[in-house]
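Input: a single structure, listed below in structure tokens.
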Amino acid sequence: MLPLFGKTKAMILTYSSSFITHLLALPPASTSTSTRAVTSSLLHRSLQGSFGPILRYKLRSYCSAPVNRGEFMASNIKVVQNPDSISYLNQREAAEIDEILMGPLGFSVDQLMELAGLSVATAIAEVYNVKDYNRVLAICGPGNNGGDGLVVARHLYHFGYKPSVCYPKRTAKPLYTGLVTQLESLGIPFLSVDDLPMNLSEDFNILVDAMFGFSFYGTPRPPFDDLIERLVNLQSYNEINKKPSVIASIDIPSGWHVEQGDTSGDGIKPDMLVSLTAPKQCAKNFSGSHHFLGGRFVPPSIVDKFKLELPSYPGSSMCVRIGKAPQVDISSMRENYISPEFKEDEVDPDPFIQKWFDDAMAAGLKEPNAMALCTAGKDGKPYTNYGSRKAKDLSENCYASLLFYWDGLNRQVRIEGCVAKVSEEESQHYFHSRPTGSQIGAIASKQSTVIPGRDFLHQQYKDLEAKFSDGASIPKPNYWGGYRLKPEFFEFWQGQTSRLHDRYDIANSLVTLRGMNQDIWWMNENHESNHYCNNSYDDEFYDNGCDYGDPYESYENDWQWTDNSAQNQYQGSSSFSENQVRSDEYSFDDKLDQILDMIEESPNFSEIQESSEECNNNMWKQMMEMQEDNSKRILIMQRKLEELMEQLTQPPPETRSDTMHENEVSFLSSDELYDTKMHKLTPPELEVVVEDYVSLNDKKTEKRLENEDVEIGLERNQINLNEPITPKVGEGLVEVNTTSSPTTLSKPDAQPFIVTDFKRLVMYKKVKDFIIRPFLESINVQVSSHKSVAHVIFENQKLKVILFSATNDPPIVGDLFVINTIDDYVYEHTANMLSDTTRKLENCLPCNRSRMLNKFGSPRVMKKTQKKKQDFTFIRRSKVKWRGCKKHRARKYWRNDYGWRLKKTIWYFYGSHKAGRLELYKVEEGIPFDPGGSQITFDSP
Ligand SMILES: NC(=O)C1=CN([C@@H]2O[C@H](COP(=O)(O)OP(=O)(O)OC[C@H]3O[C@@H](n4cnc5c(N)ncnc54)[C@H](OP(=O)(O)O)[C@@H]3O)[C@@H](O)[C@H]2O)[C@@H](O)CC1
Ligand SMILES: [K+]
């Protein structure tokens, strides 16, 4: 850029594919020419020159060339921004992703933690500016979530914040000691819980909640219970104090149930949540203002595997907002510009405000050479940027264009339409809603009049300030008032690479945006001498007295502009879809209707011709151009319509629902089941005594199990069972789905199991679904052919049971089964998923289950599961005792060489024929035989 920026060459280019005009270089201009004159004449030349005065209409392209946006982002990550369609992970999935990332995908924990922490820090900095939210306390827990907190503190320090850290349960691992050392070397204070004020708001603006992440379970133990309590009570403290400090939670609001959220309602209420990798289910309960996603390291393989629907990260951003930004009152948005003193000698007209341009370059502003072309005045010249002339132009030509250029988002919206003054009443209302300083400023500054100097202006201001110091109402000067623009044309623009930008035009009055279907207005224009063009083109508008709804309706917040990319290549801009510029309220049908209406109602040539008589010649040309544009727009709309129609006829994508639907639940009583379902079962071919066993096909594992102490304990990634759950031990029954299984078994000869009797199931109740933990030793597993799906009816809830046998996954040759909820089933029913689940299940068998059983607190189970290594034994398959009618077939189906089981707990099944029915009883060593309680009857073969 800069080498071109010499004093010899000059040219202003308007890009056909971009609305933005770029100053590439400048002409040799006489130093005596004023800056304004140079710019003005340049613009004039470019417009009136070879392209003619209506260049912007002629050269506009309506469809940017298609860009393969996949190039710029992980191809599998779909662009999602509707929070309802975003994926939420359960605890198991979160742990699994963690495992995969750090296992087969080769990441290290410190690497992920650094990226996670950085994304949290950037999200915090995006929302809470360093000026108002300087003092930060990171409260760090014992696990990786705490580690994230340490990383966040370091990054925030470098962003200019003043962090402190409370890290009461330190971990001795090098990763953590390293993070602590890094913070200490920056002089970041480490505070003990006792050092902290009861009211954390007294000392801190931001409280980073890094206590617990997705591995949290149960209720918080000390000292975190106390810390969480302080976060909970923060709000009430602050009602009497100053501005409350804000809570920014990392990944999970600490203390919340990872899946069910704030079940008691007494948990912390963070203002911000930065979900990592993908939001966890509890995030659905998050009601704070700022939900972000961070952890930009999810590779496509994980996106595919877990069918993740996540919002795309804009540009090179480390975080992306989920859902809408909070509504703000735009009428109260005003920036207090703090700028250095204006020095005339710093604005050099030759070549072009060089100093200022250099300043802009040095400040790293994006495309400092971009400028917006506004509408033309009567003479076709673009507006200059000072007030009364604008007002004067508007009095001659009501057409104006508003440009919202959102830097950092690669987006702009241009709105064209006719302008009229708002009512005096509205102007009065708005004037008095402004801060006193602005009201006085409006009187002190006679816009566009020459004043002796800045001192004069200051004096004026001071005098007025003194005059109104008694709090008296400041009268609105009569030259001060608002304009309202009635939109006729919108152009949504989104920058893409190689200047192949996306553009979406909406013509006429059929504007589909909430907020934008109203007039847009602005204030603070001097329209003392104004009279607007009473254009017959839209009589109604004027007749109605310009009453088009609440002028302060925030339109900005109706979009989620998430882009934040760097450089003018606009790498990684999310692809533009018109859905984004559509209000949530509008259904697809509405949209279709609108498009149809739009096509019908587009202004026809004769109307424009008529109305144009009142306009000057230039205006007429523009109208002609507009007409041309309209026909192009219609074409585009028609094409769009076809596409939309096609979409409409597509079946909705199969999505994974999180709730169980009523019609998926069968309400059969146990009795009914016995009668109507069970007896219809294909009679069992054999009964297998199944112990807690894992299949072993490698000597190494076998050795480990034989020679080492078998670790009995809950692995980190197992679903936590420490919660105080009253186990519900009762009867479970099985409804067998007799249709062929949707499961693709990876081995052609695989014979799935069917669970036909759950004598004892432990129910583990969740909010919406049930997780069934089968006690294998109490389940009668039957081998049956080609039936791999069963519905378990338990307490009126029908659950799918996925049963499957050998997969070709190398470490597993076992016969395992998984029980999931219906939804999980739908989600996981591909062979791929099954093989993974198998692995998962294998990992947790049997040690973790022992622990699980333990946790349920059933005394008998407890006794049974508090086993040491010596309680377990390996048994050869051939040595497994079989009882039942068709023992020999057991070997055929049991392909494993080994099983392992508790030495003493052996189950026997007895079966007998009675009157054409097969009756099975289950008995247990040491437990009185109760045929009534455990009998199942089948039709005899
Ligand atoms: N790929 C990813 O997704 C990435 C994830 N990352 C981050 O890792 C987080 C998950 O980390 P994590 O697994 O270490 O678990 P986390 O929740 O921090 O703490 C577990 C600790 O808390 C303890 N504890 C549990 N319950 C308790 C209670 N009631 N009261 C008291 N203590 C309790 C538990 O103790 P234990 O039960 O073992 O004795 C253990 O010490 C995740 O949320 C994200 O922030 C990023 O760093 C990188 C990428
Ligand atoms: K947390």
Side-chain angles (χ1 to χ4, degrees), residues 89-103 105-121 138-152 167-173 175-176 179 207-229 231 247-259 261-262 267-270 272-283 286 288 293-299 302 306 308 310 318 713-724 851 855:
L89 302 177
N90 62 31
Q91 197 168 30
R92 176 175 53 82
E93 291 165 330
E96 203 177 330
I97 290 178
D98 199 41
E99 239 179 35
I100 296 170
L101 283 169
M102 285 189 264
L105 291 178
F107 286 94
S108 62
V109 62
D110 50 346
Q111 199 187 356
L112 295 179
M113 199 176 274
E114 191 62 29
L115 291 168
L118 179 61
S119 55
V120 175
I139 308 173
C140 302
N144 288 351
N145 198 261
D148 292 349
L150 298 173
V151 175
V152 170
Y167 188 29
K169 285 253 179 270
R170 299 196 184 190
T171 309
K173 288 181 190 157
L175 164 62
Y176 294 90
L179 292 173
L207 301 161
V208 178
D209 155 31
M211 282 179 267
F212 303 118
F214 60 63
S215 301
F216 174 79
Y217 53 86
T219 47
R221 298 189 293 270
F224 298 104
D225 52 350
D226 172 33
L227 287 163
I228 287 176
E229 197 58 27
L231 292 183
I247 301 173
S249 288
I250 303 179
D251 209 19
I252 309 265
S254 295
W256 283 25
H257 190 285
V258 176
E259 288 164 4
D262 181 14
I268 67 170
K269 309 257 181 304
M272 174 184 235
L273 172 64
V274 185
S275 294
L276 296 170
T277 309
K280 315 303 169 296
Q281 283 178 1
C282 65
F286 173 71
L293 179 67
R296 192 173 184 177
F297 45 64
V298 183
I302 288 197
F306 291 85
L308 295 182
L310 296 171
M318 293 304 294
L714 193 69
E715 277 188 12
R716 199 182 79 128
N717 296 325
Q718 297 315 310
I719 293 173
N720 136 56
L721 293 159
N722 267 354
E723 283 140 306
R851 171 77 176 268
K855 296 289 176 196

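Just so you know, ligand 1 is whichever comes first in the structure, and atom 1 is the first atom listed for that ligand.
- Below 4.0 Å from some heavy atom of Met113 lie the following atoms of ligand 1, by number and element: 47 (O), 48 (C).
- Residue contacts with ligand 1: Met211 is placed with no nitrogen or oxygen under 3.5 Å of a nitrogen or oxygen of the ligand (distance criterion only).
- Among heteroatoms of the N, O or S kind in Asp209, O lies nearest the K ion (ligand 2).
- A heavy-atom separation below 4.0 Å is found between Thr219 and ligand 1.
- Between the side chain of Asp148 and the backbone N or O of Ala116 there is no donor-acceptor pair closer than 3.5 Å.
- At a heavy-atom cutoff of 4.0 Å, ligand 1 is contacted by no atom of Leu115, backbone or side chain.
- Counting heavy atoms from C-beta on, the side chains of Leu207 and Pro270 never come closer than 4.5 Å.
- Heavy atoms of Asp251 found under 4.0 angstrom from ligand 1 belong exclusively to the side chain.
- When all heavy atoms are compared, the tightest approach of Thr171 to Pro142 is OG1-O, 2.9 Å.
- Taking each heavy atom of Pro220 and Phe212 in turn, the nearest pair found is CB-CE1, 4.2 Å.
- Atoms of ligand 1 lying under 4.0 Å from at least one heavy atom of Pro142, given by number and element, are 21 (C), 22 (O), 23 (C), 41 (O).
- A side chain to side chain contact (heavy atoms under 4.5 Å, CB included) with Pro279 is found for one member of Leu89, Leu293, Leu273 and no other, namely Leu293.
- Within the 4.0 Å heavy-atom cutoff, Ala94 does not count among the residues contacting ligand 1.
- Residue Ile252 has no nitrogen or oxygen atom sitting less than 3.5 Å from a nitrogen or oxygen atom of ligand 1, judged on distance alone.
- In plain terms, the two heavy atoms of Val152 and Gly117 that are nearest each other are CG2-O, 3.5 Å.
- Numbered from 1 in the order shown, with element, the atoms of ligand 1 that lie under 4.0 Å from a heavy atom of Leu101 read 1 (N).
- Taking the K ion (ligand 2) as the apex, the angle formed with O of Phe212 and OD1 of Asn145 is 70°, to the nearest 10 degrees.
- Using a distance-only test at 3.5 Å, with no hydrogens or angles considered, a donor-acceptor pair links the side chain of Glu259 to the main chain of Gln91.
- Compare Val298, Leu112, Ile302, Thr277 by their heavy atoms: the one nearest to atom 48 (C) of ligand 1 is in Leu112.
- For the pair Lys269 and Ile247, the tightest heavy-atom approach, listed with the atom from each and the gap, is O-CD1, 4.5 Å.
- Interface atoms of ligand 1 facing Phe297, defined by a heavy-atom separation under 4.0 Å, are 49 (C).
- Contacts with ligand 1 closer than 4.0 Å are made by no heavy atom of Phe107, backbone or side chain.
- Among all heavy-atom pairs drawn from Thr277 and Phe297, the shortest one is OG1-CE1, 3.7 Å.
- Here the angle at the K ion (ligand 2) defined by O in Ile250 and O in Ile252 stands at 80°, rounded to 10 degrees.
- Taking every heavy atom of Leu276 and a limit of under 4.0 angstrom, the matching atoms of ligand 1 come to 44 (C), 45 (O).
- Under 4.0 Å from ligand 1, heavy atoms of Ser215 appear from its side chain as well as its backbone.
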Between Tyr176 and Asn144, is a side-chain hydrogen bond (donor to acceptor under 3.5 Å, both in side chains) present by the stated rule, with each step listed? CA-CA 9 Å; Tyr176 294 90; Asn144 288 351; 2.5 Å; yes

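- Of all heavy-atom pairs between Gly213 and Val258, the closest is O-CG2, 4.0 Å.
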